[in-house]
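Structure first, then comments.
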Protein chains: 2
Amino acid sequence: MATRQNTLRAKTNDGAEAKRKAARRPRAKADGSPPIDRRELILAVATRRFAEYGFEATTVRQIADDVDILSGSLYHHFATKEEILEEIVRDAILQSRDDAQRIAELPLDAEQRFVALLMTELHRLTESQEVYAIAFNERKFFRRSEYFSYLSKAKKDAYEAWSAVLSDGVREGLFHPELDIYLTISTVIRMLNAGADWYKNEDGSQIDAIANYSLDKLLDFYLGYVLRAIRAPTRAGEAIPHPTIEL
Amino acid sequence: MATRQNTLRAKTNDGAEAKRKAARRPRAKADGSPPIDRRELILAVATRRFAEYGFEATTVRQIADDVDILSGSLYHHFATKEEILEEIVRDAILQSRDDAQRIAELPLDAEQRFVALLMTELHRLTESQEVYAIAFNERKFFRRSEYFSYLSKAKKDAYEAWSAVLSDGVREGLFHPELDIYLTISTVIRMLNAGADWYKNEDGSQIDAIANYSLDKLLDFYLGYVLRAIRAPTRAGEAIPHPTIEL
DNA sequence: GTCTATAAAGAGATAGAC
DNA sequence: GTCTATCTCTTTATAGAC
């Protein structure tokens, strides 16, 4: 495995984007058959496996079994197991970064932008929870691999956007003057990931008290939780907004 | 792999506790040589590996290399790779449960007990961060394995203790009357795990803003964060306690 | 696009000499 | 308690027939 990882590390990722575009576009089908091609199916089952068992613990055979082909046939669609992983998480991570950067630039006050960041992130997280869980759980793997470094970079850029919004809020007097921005963001991001994980996988744990939660209720919970924690003391009494998730 | 897992699943864990006691007690050494025996060394390097790369991604050969013996020799000390994992996380998980149950019974008001729970957990987490990170990251693995079910059970018991304290707080009027206990606990537990991970592994991420945080500051941060979120609205103005971690 | 067949390496684990 | 040697199975990945 070490050998193969080194090979990957040496690989460059330049020009990969163009190649991907061509490879991923589902061929226009003239007939009325479902648009899900083989490649998409493989990605779907791999996503489930990676989310549940982790990338390294999942074997290509398991993936192949799930789509009822032999493991060797997978390599007609993907060059390596790593490429499957990349295909799964790439768009989600880049999109999440784009969201954050776009929202950070909106002509709104810092708290409104922060609420928008939180809403959007939670929306994406629950919409594609498995994908984001993989992106989160394999973060150390990405960090070790040069091939995946652009994903770590994208995550960093998203962090910078969140950071700018929080800084603005402190400057504007909306947030606590001694707010620890770094701790706040890392805490919130991980809280949302964990929350979405729990939301989508309900009874994964042995804990019994499983009530019925709507996504809006989850949003309310986190919003109240976070805003009460970061607002300036003078604003302690202000109401917590209750937006509904609807992008 | 599936084969081996099935074998494990079939195994029972009864009477293992007594066996462990004998096996783990470091032999009394008459000479003045360091008390760290081979077995402890193996556990130490395995802990580092499991925390960094995950249990399944770590090979017994890597562990053996780290202690400069051959992989086969590991099996003089441990019957299986799983046994190494168990040895690493068992005491921490059981101790954490014992802590929680003991604190939940203390003759203090609910907020004081909650603060104690939080302090103690954070203390343990930072003291043995790698161990707790493994326990947390491999939770799905534990849940799938009958052999490890007693660990999932212990975690559930700890949850019940936290839950009792929060319920008391709601009943006593100290905490928000509509506090969602389940969400709060799972959020706080994961937040602490993530925080301790970050605290011990500082620049694991690409994010640059690494200041110097003391453990007490970290505790302050989380305590303020959580208490502001869960306290009854009428208590919004009350000061956040600033205990120092010193068990 | 999938199959058969297989290579090449690595995995966890064991037996017995020392 | 470690080594030598090895077993057995699994892993990722490839080559070429269909």
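Below, read A as the first sequence line, B as the second, and so on, with proteins coming before strands; counting in each chain starts at 1. If you're wondering where the values come from, they're calculated on a predicted model, not measured in any experiment.
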According to the ring pair (Phe, Tyr, Trp, His ring centres under 6.0 Å) rule, which pairs have a member within residues 65-86 of chain A, sequence neighbours left out? none
What is the distance, to the nearest angstrom, from the CZ atom on B:Arg61 to the P atom on D:dT4? 13 Å
In whole Å, what is the span from the CD atom of A:Gln62 to the P atom of D:dA13? 15 Å
Angle by which the axis turns from one end of the helix from C:dG1-D:dC18 to C:dC18-D:dG1 to the other, five pairs per end, to 10 degrees: 10°
side-chain hydrogen bond (donor to acceptor under 3.5 Å, both in side chains) involving A:Ser96 - partner list, sequence neighbours excluded: A:Glu121
Any residue meeting salt bridge (charged side-chain N to carboxylate O under 4.0 Å, His left out) with B:Asp157, in chain and number order, not counting sequence neighbours: B:Lys153
Can you name the residues that form a salt bridge (charged side-chain N to carboxylate O under 4.0 Å, His left out) with B:Asp66, not counting sequence neighbours? B:Arg49
Using whole Å, what does the distance between atom P of nucleotide C:dA11 and atom CD of B:Glu82 come to? 15 Å
If I take atom CG in residue A:Leu74 and atom P in nucleotide D:dT12, what distance separates them, rounded to the nearest angstrom? 10 Å
Whole Å only: how far is the CD atom of A:Glu83 from the P atom of D:dA13? 10 Å
Considering residues at least two apart in sequence or located in another chain, which fulfil the salt bridge (charged side-chain N to carboxylate O under 4.0 Å, His left out) criterion with A:Arg102? A:Asp99
On the nucleotide C:dA13, are OP1 or OP2 found under 4.0 Å from the side-chain N or O atoms that B:Tyr75 carries? yes
Does some side-chain heavy atom of B:Asn193 sit less than 4.5 Å from a side-chain heavy atom of B:Asp197? no
Derivation of the ring pair (Phe, Tyr, Trp, His ring centres under 6.0 Å) call for B:Tyr53 and A:Phe141: CA-CA 8 Å; B:Tyr53 301 97; A:Phe141 183 80; 9.8 Å; no
Please tabulate, one pair per line, each protein N/O and nucleotide N/O from nucleotides 2-4 of chain C that are separated by under 3.5 Å, including the distance.
| residue | atom | partner | partner atom | Å |
| --- | --- | --- | --- | --- |
| C:dT2 | OP1 | A:Arg38 | NE | 2.2 |
| C:dT2 | OP2 | A:His77 | NE2 | 2.8 |
| C:dC3 | OP2 | A:Leu70 | N | 2.8 |
| C:dC3 | OP2 | A:Ser73 | OG | 3.3 |

In whole Å, what is the span from the NZ atom of B:Lys81 to the C1' atom of D:dT10? 13 Å
Partners passing salt bridge (charged side-chain N to carboxylate O under 4.0 Å, His left out) against B:Arg97 (at least two apart in sequence or in another chain): none
Rounded distance (Å) that lies between atom P of D:dT12 and atom CG of A:Asp65: 12 Å
Between C1' on D:dT10 and OH on A:Tyr53, what's the gap in Å once rounded to a whole number? 17 Å
Under 3.5 Å, which donor-acceptor pairs link side chains of residues 132-139 of chain B to any protein atom two or more places apart or in another chain?
| residue | atom | partner | partner atom | Å |
| --- | --- | --- | --- | --- |
| B:Tyr132 | OH | B:Ala92 | O | 3.1 |
| B:Asn137 | ND2 | B:Ala133 | O | 3.1 |
| B:Glu138 | OE2 | B:Phe55 | N | 2.9 |
| B:Arg139 | NH1 | B:Phe136 | O | 2.9 |

